[in-house]
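To start, the structure itself, in structure tokens.
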Protein chains: 2
Amino acid sequence: MASTATGSTKERLSRESLAAGALDLADREGIDAVTIRRLATEHSVTPMALYWHFKDKDAVLDGIAERVYASVVLPVPSDGPWDDQLREVLLAVLAAIRPHPLAADLLAPRIMKSEAGLVLAERVIGMLRRAGFSASEASQTASFLLCSIVTLVTSEPGKQNPLTGEAQEDVDRSKRAKLASLPPKLFPNLLESAPYFVTCDNEDEYFARGMDFLVEGTRGVRPA
Amino acid sequence: MASTATGSTKERLSRESLAAGALDLADREGIDAVTIRRLATEHSVTPMALYWHFKDKDAVLDGIAERVYASVVLPVPSDGPWDDQLREVLLAVLAAIRPHPLAADLLAPRIMKSEAGLVLAERVIGMLRRAGFSASEASQTASFLLCSIVTLVTSEPGKQNPLTGEAQEDVDRSKRAKLASLPPKLFPNLLESAPYFVTCDNEDEYFARGMDFLVEGTRGVRPA
DNA sequence: ACCTGAACACCGTTCAAGT
DNA sequence: ACCTGAACACCGTTCAAGT
């Protein structure tokens with residue numbers, strides 16, 4: 001019987017396995033569940049054991065972010081137009097982050113602390129520079145673009161909590177009820193849009209529109 | 001001697017004064033400093049006293065968000081073009097959030113839980129609907145737009161921590177050093193843009209470009 | 001090199017009790 | 001209505017000690 005994905009069976013501890021377990025835990029129960037002590041018991045080890053592999057708790061969160069950024073599969077640079085290339089790169093980042101909505105909040109502040117994040121930033125900045133952005137403009141736009149992918153994932157309706165099935169339906173119902181009880185004179189548009197705030201009717205369309213927004217926005221601020 | 005802004009002198013506790021103190025604390029030392037016990041001592045009261053005014057800690061954080069959203073001064077609806085109106089509203093939101101970079105992370109997930117946040121959402125959705133967006137499109141775009149204002153504020157270079165003066169300079173220096181030590185063959189663009197990642201050279205320009213991006217992006221995804 | 005034991009300061013929260 | 005005292009379960013972290 002080999003080790004499980006969570007690494008629960010006896011096997012040497014390692015930065016890698018601990019970070020993997022941490023990401024897994026965050027995916028299942030949310031970031032707040034990622035705790036030194038919880039992680040330790042999941043690996044059948046004493047809390048203090050983790051301090052051999054990580055400086056402190058923040059370092060294990062860094063480890064989570066690193067793993068996600070490292071999972072981005074960047075497309076090979078093509079010679080197509082810059083905005084098509086940008087879209088492809090952003091899509092690759094989205095594909096990597098989308099499976100981790102509950103861990104996504106960790107990502108944005110940690111791009112520049114992560115090796116793989118730096119590679120991403122380099123790539124995006126490079127594309128923007130070739131499109132005519134100055135060094136200052138490119139860095140600002142690149143970091144906004146990467147943060148926006150995270151926003152897209154975290155603010156997808158109905159993906160904010162670790163619940164599933166029964167419990168999720170209950171939450172959805174009560175959200176709907178709350179919105180439906182708003183005064184119709186003051187909130188006509190919100191009432192009409194209410195269902196789309198609690199559940200995403202078409203995820204692919206949602207993300208496609210998000211991508212369009214980001215590419216169009218970038219084109220819009222591109223220096224003449 | 002009347003009460004101070006933090007409400008440290010003896011005066012009855014209230015939801016309002018507690019939320020104000022919490023926001024102030026978050027602004028000074030960051031969200032993690034906002035703790036039931038810390039807040040209690042700042043108001044010369046026992047930790048359990050807070051539970052009379054708030055259900056739990058999350059409700060305190062809701063209170064912070066509510067205060068920020070309530071501070072938005074919406075422009076009176078004009079009859080100008082939809083994109084100019086959108087820009088004005090987004091600018092108003094930005095103006096309210098900008099003074100609270102360290103508290104901004106609380107805001108995005110709490111728009112729909114806050115009275116003032118609902119008003120904002122209603123307003124933006126209304127504008128988008130008049131511009132031709134469907135109910136589904138409008139809700140998605142509106143929530144992305146509001147989240148993006150937060151992103152703009154939180155990811156402004158150099159505004160991520162509670163430090164000031166001396167200590168801030170030290171952090172900046174070490175960040176610069178770290179970036180400067182990257183292999184130039186692999187990170188040519190990042191090296192060139194490095195300074196702009198640690199300090200914002202021109203805040204107003206930064207936010208102006210952000211606003212342009214959001215308006216242009218919205219225009220770009222507007223249904224034909 | 002890698003992990004444990006004991007200890008510390010801090011946290012959110014409940015519940016019964018005071019005024 | 002509004003606040004306190006005592007208690008509980010949980011947290012991150014240090015430091016000396018084991019193997």
Side-chain angles (χ1 to χ4, degrees), chain A residues 3 6-26 28-66 102-103 105-106 109-110 113 161-162, chain B residues 3 6-26 28-66 102-103 105-106 109-110 113 161-162:
Chain A
S3 76
T6 337
S8 49
T9 36
K10 274 289 156 56
E11 226 163 75
R12 262 299 221 15
L13 235 48
S14 77
R15 261 192 84 92
E16 283 305 308
S17 63
L18 285 169
L23 174 54
D24 201 61
L25 183 52
R28 287 180 341 244
E29 306 189 24
I31 300 174
D32 290 346
V34 178
T35 226
I36 297 272
R37 298 178 110 105
R38 181 78 191 275
L39 225 43
T41 57
E42 290 217 341
H43 289 264
S44 325
V45 101
T46 253
M48 297 77 76
L50 299 211
Y51 286 90
W52 180 260
H53 303 275
F54 296 95
K55 181 180 160 288
D56 55 15
K57 187 182 172 180
D58 201 51
V60 352
L61 301 183
D62 291 348
I64 295 183
E66 175 67 43
L102 295 179
D105 277 330
L106 298 178
R110 289 181 170 84
K113 297 180 74 178
N161 61 54
Chain B
S3 75
T6 336
S8 50
T9 36
K10 273 290 157 55
E11 224 162 79
R12 262 297 222 13
L13 235 46
S14 76
R15 261 191 83 92
E16 282 306 307
S17 63
L18 285 169
L23 174 55
D24 201 60
L25 184 52
R28 288 180 340 247
E29 307 188 25
I31 300 175
D32 289 347
V34 179
T35 229
I36 297 273
R37 298 178 111 105
R38 181 81 188 274
L39 225 43
T41 57
E42 290 216 342
H43 288 265
S44 324
V45 99
T46 253
M48 298 76 76
L50 298 212
Y51 286 90
W52 180 260
H53 302 275
F54 296 94
K55 180 181 161 289
D56 55 16
K57 187 182 172 180
D58 200 52
V60 175
L61 301 183
D62 291 349
I64 295 183
E66 174 67 43
L102 295 180
D105 277 330
L106 298 178
R110 288 180 172 83
K113 296 180 76 176
N161 61 54

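Convention: sequence-line order gives letters A, B, ...; per-chain numbering from 1.
- Contact between the side-chain N/O atoms of Thr46(A) and the OP1/OP2 oxygens of dC3(C) is not found at any separation under 4.0 Å.
- Computed from coordinates, the Trp52(B) CH2 to dG12(C) P distance equals 21 Å when rounded to whole Å.
- For Lys57(B) and dC10(C), the NZ to P distance is 15 Å, given to the nearest whole Å.
- In terms of phosphate contacts, His53(B) brings no side-chain nitrogen or oxygen within less than 4.0 Å of OP1 or OP2 of dA1(D).
- For Met48(A), whose side chain is taken as the heavy atoms from C-beta onward, the closest listed nucleotide among dT14(D), dC3(D), dG12(D) is dT14(D).
- Base-pair partner of dC15(D): dG5(C) (Watson-Crick or G-U wobble, both distances under 3.5 Å).
- Judged by Watson-Crick or G-U wobble contacts below 3.5 Å, the nucleotide dC10(D) has no partner.
- Residue Thr35(A) places at least one side-chain N or O under 4.0 Å from the OP1 or OP2 atom of dG12(D).
- Using a 4.0 Å cut-off between charged nitrogen and carboxylate oxygen, Lys55(A) and Asp62(A) do not count as a salt-bridge pair.
- Of all the heavy atoms in Phe54(B) and Val60(B), the pair that sits closest is CG-CG2, 3.7 Å.
- One interatomic measurement links the two molecules: CZ of Arg38(B) to P of dA9(C), which rounds to 18 Å at whole-angstrom precision.
- For the pair Tyr51(B) OH and dC8(D) C1', the interatomic distance rounds to 13 Å; values are reported in whole Å.
- Taking the side chain of Arg37(B) as heavy atoms from C-beta on, and the options dG12(D), dT13(C), dA1(D), the nearest nucleotide is dT13(C).
- With rounding to whole Å, Leu50(A) atom CG is found 13 Å from dC11(D) atom C1'.
- Between Lys113(A) and Glu66(A) no salt bridge is recorded (no basic side-chain N to carboxylate O distance below 4.0 Å).
- Minimum heavy-atom separation, Ile64(A) to Ala19(A): CG1-O, 4.4 Å.
- You'll find that the side chain of Val45(A) is closest to dC3(C), out of dT14(D), dC3(C), dT13(C).
- Each of dC11(D), dG12(D), dC3(D) was ranked by its minimum atom distance to the side chain of Ile36(A); first place goes to dG12(D).
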